[in-house]
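Working notes, structure below.
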Amino acid sequence: MTHSPIAPEAADLSGIRGYLFDLDGVLTPTAVVHMHAWSRLFTPFLEAHGAKPYSDDDYFAYIDGKPRYDGVRSLLASRGIVVDEGEVTDAATADTVHGLGNRKNDAFNATLAEEGVAAYPASVAFLDAVTRAGARVAVVSSSKNAPSVLAAAGLAERFEVVVDGAVAARDGLPGKPEPDTFERAAELLGLDTAECAVVEDAESGVKAGAAGEFGIVIGVDRGVGRDALRELGADVIVDELDELIPAVERAAAASGTASAGTAASDVPPNPTDSPAPSTREEPA
């Protein structure tokens, strides 16, 4: 059944008390860094195996939003290539699932160190608006390196709850497209899932939001395409998150929870029981 998303100007956010943000492609343009890293990994690898060349379409179809080793498995399966699983400790030179994933991780971290990363201005404006409105916020990322990306973008202090790939692995939570990591973030915020908005740009992330009992799924079109986001279950689709600021302010005014002049420091803090981030490792 075709899903009919709501126009941003018509969005009703009155029942939303928490926003669960994906990181790459939603808050920061690190998705571009990931795309380049995956291309550097698979372009020569696929050529050496005589397989169909790697393209950006492969990133969106098989990799985007998934934990890193799952991305490796998915891309290899699309080409009918079978390699040994190996171990997490495999060297980046090993042609195993874990070795290839570790090789991609090296490429990502090198690019991040060289180029840095800046948050999307429109996303920061939206983050400011929802915190002014009294909403609580969390980051939900497949990346095990989310804390360092948040720090590089100057956003680390904005999020006390970060459910990343390290937390998912530690707690045995299935990754996106399952909704479990978003549900865990809502729990840590002390909110019901129905009170939370999922904010995603990846196919697997939008699927995860649609699979759970969340109040609304906001799709940010960074390349997946509006048709795909709609079919996957996004309730609202935007090019930039600041398109939803009027809806946030309208909901806040109607509920009386905050005023336009409320400072972010006046907003009740998020719970502090967020699991501590661990290994500096980057998946998809």
Side-chain angles (χ1 to χ4, degrees), residues 16-28 30-31 34 63-71 88 105 108 117 119 123 126-127 130-131 135-153 155-220 233 241 267-284:
I16 302 302
R17 298 176 57 206
Y19 289 82
L20 314 178
F21 293 87
D22 178 42
L23 177 58
D24 301 332
V26 169
L27 293 172
T28 61
T30 36
H34 285 301
I63 295 170
D64 189 21
K66 295 179 181 177
R68 188 188 340 133
Y69 300 127
D70 286 348
V88 174
N105 189 56
F108 175 88
V117 64
S123 296
F126 179 74
L127 177 60
V130 300
T131 53
R136 294 180 171 181
V137 295
V139 165
V140 181
S141 173
S142 295
S143 171
K144 290 182 179 179
N145 202 28
S148 63
V149 173
L150 286 167
L155 296 175
E157 294 184 358
R158 306 290 297 270
F159 296 95
E160 293 185 40
V161 170
V162 177
V163 178
D164 64 358
V167 172
R170 188 199 66 192
D171 294 349
L173 300 174
K176 305 169 188 178
E178 300 302 320
D180 300 61
T181 50
F182 284 112
E183 292 168 348
R184 177 63 169 152
E187 177 187 356
L188 290 171
L189 290 178
L191 299 173
D192 292 333
T193 55
E195 299 176 294
C196 294
V198 168
V199 189
E200 265 285 359
D201 73 308
E203 292 188 16
S204 59
V206 173
K207 275 185 176 180
E213 299 296 326
F214 298 99
I216 193 168
V217 178
I218 299 169
V220 185
L241 282 170
V267 176
N270 290 338
T272 56
D273 56 351
S274 173
S278 57
T279 55
R280 298 176 64 122
E281 192 176 27
E282 193 75 19

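All values below were derived from every heavy atom in this structure, side-chain atoms included, with hydrogens, water molecules and symmetry-related copies excluded.
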- Query: Val162 and Val167: side chain to side chain contact (heavy atoms under 4.5 Å, CB included), yes or no, with the steps?
  - Reply: CA-CA 8 Å; Val162 177; Val167 172; over 6 Å; no

Nearest 0.5 Å please: distance from the [atom1] atom of [X] over to the [atom2] atom of [Y].
| X | Y | atom1 | atom2 | result |
| --- | --- | --- | --- | --- |
| Leu191 | Cys196 | CG | SG | 4.5 Å |
| Asp22 | Ser143 | CG | OG | 9.5 Å |
| Leu241 | Leu127 | CG | CG | 9.5 Å |
| Leu27 | Arg158 | CG | CZ | 9.5 Å |
| Phe21 | Leu150 | CZ | CG | 11.5 Å |
| Glu178 | Glu183 | CD | CD | 9.5 Å |

- Query: Quick one: does Ser142's side chain have a donor or acceptor within less than 3.5 Å of a partner on Gly65's backbone?
  - Reply: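 Checked: pair present.
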
- Query: Quick check: does any side chain N or O of Ser204 sit under 3.5 Å from a backbone N or O of Asp64, one acting as donor and the other as acceptor?
  - Reply: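 Confirmed, Ser204 side chain pairs with Asp64 backbone.
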
If you look at every heavy atom in [X] and [Y], which pair is closest and at what distance?
| X | Y | value |
| --- | --- | --- |
| Ala208 | Pro179 | O-CB, 3.3 Å |
| Ala153 | Thr28 | CB-CG2, 3.7 Å |
| Lys144 | Asp164 | O-OD2, 3.8 Å |
| Ala168 | Thr181 | CB-CG2, 4.0 Å |

- Does the pair Phe108 and Val149 meet the rule for a side chain to side chain contact (heavy atoms under 4.5 Å, CB included), with working shown? CA-CA 11 Å; Phe108 175 88; Val149 173; 4.3 Å; yes

- What's the verdict on side chain to side chain contact (heavy atoms under 4.5 Å, CB included) for Leu20 and Val199, showing C-alpha distance, side-chain angles and the deciding distance? CA-CA 6 Å; Leu20 314 178; Val199 189; over 6 Å; no

Quick one: does [X]'s side chain get under 4.5 Å of [Y]'s, heavy atoms only?
| X | Y | result |
| --- | --- | --- |
| Val217 | Glu200 | no |
| Phe126 | Val26 | no |
| Ile63 | His34 | no |
| Val163 | Phe182 | no |
| Val198 | Tyr19 | no |

- Message: Less than 4.0 angstrom from a charged side-chain N to a carboxylate O is my criterion; do Glu160 and Arg136 meet it?
- Response: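 No, this pair does not count.
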
- Message: Between Glu195 and Ile16, is the side chain to side chain contact (heavy atoms under 4.5 Å, CB included) condition met? List the steps.
- Response: CA-CA 5 Å; Glu195 299 176 294; Ile16 302 302; over 6 Å; no

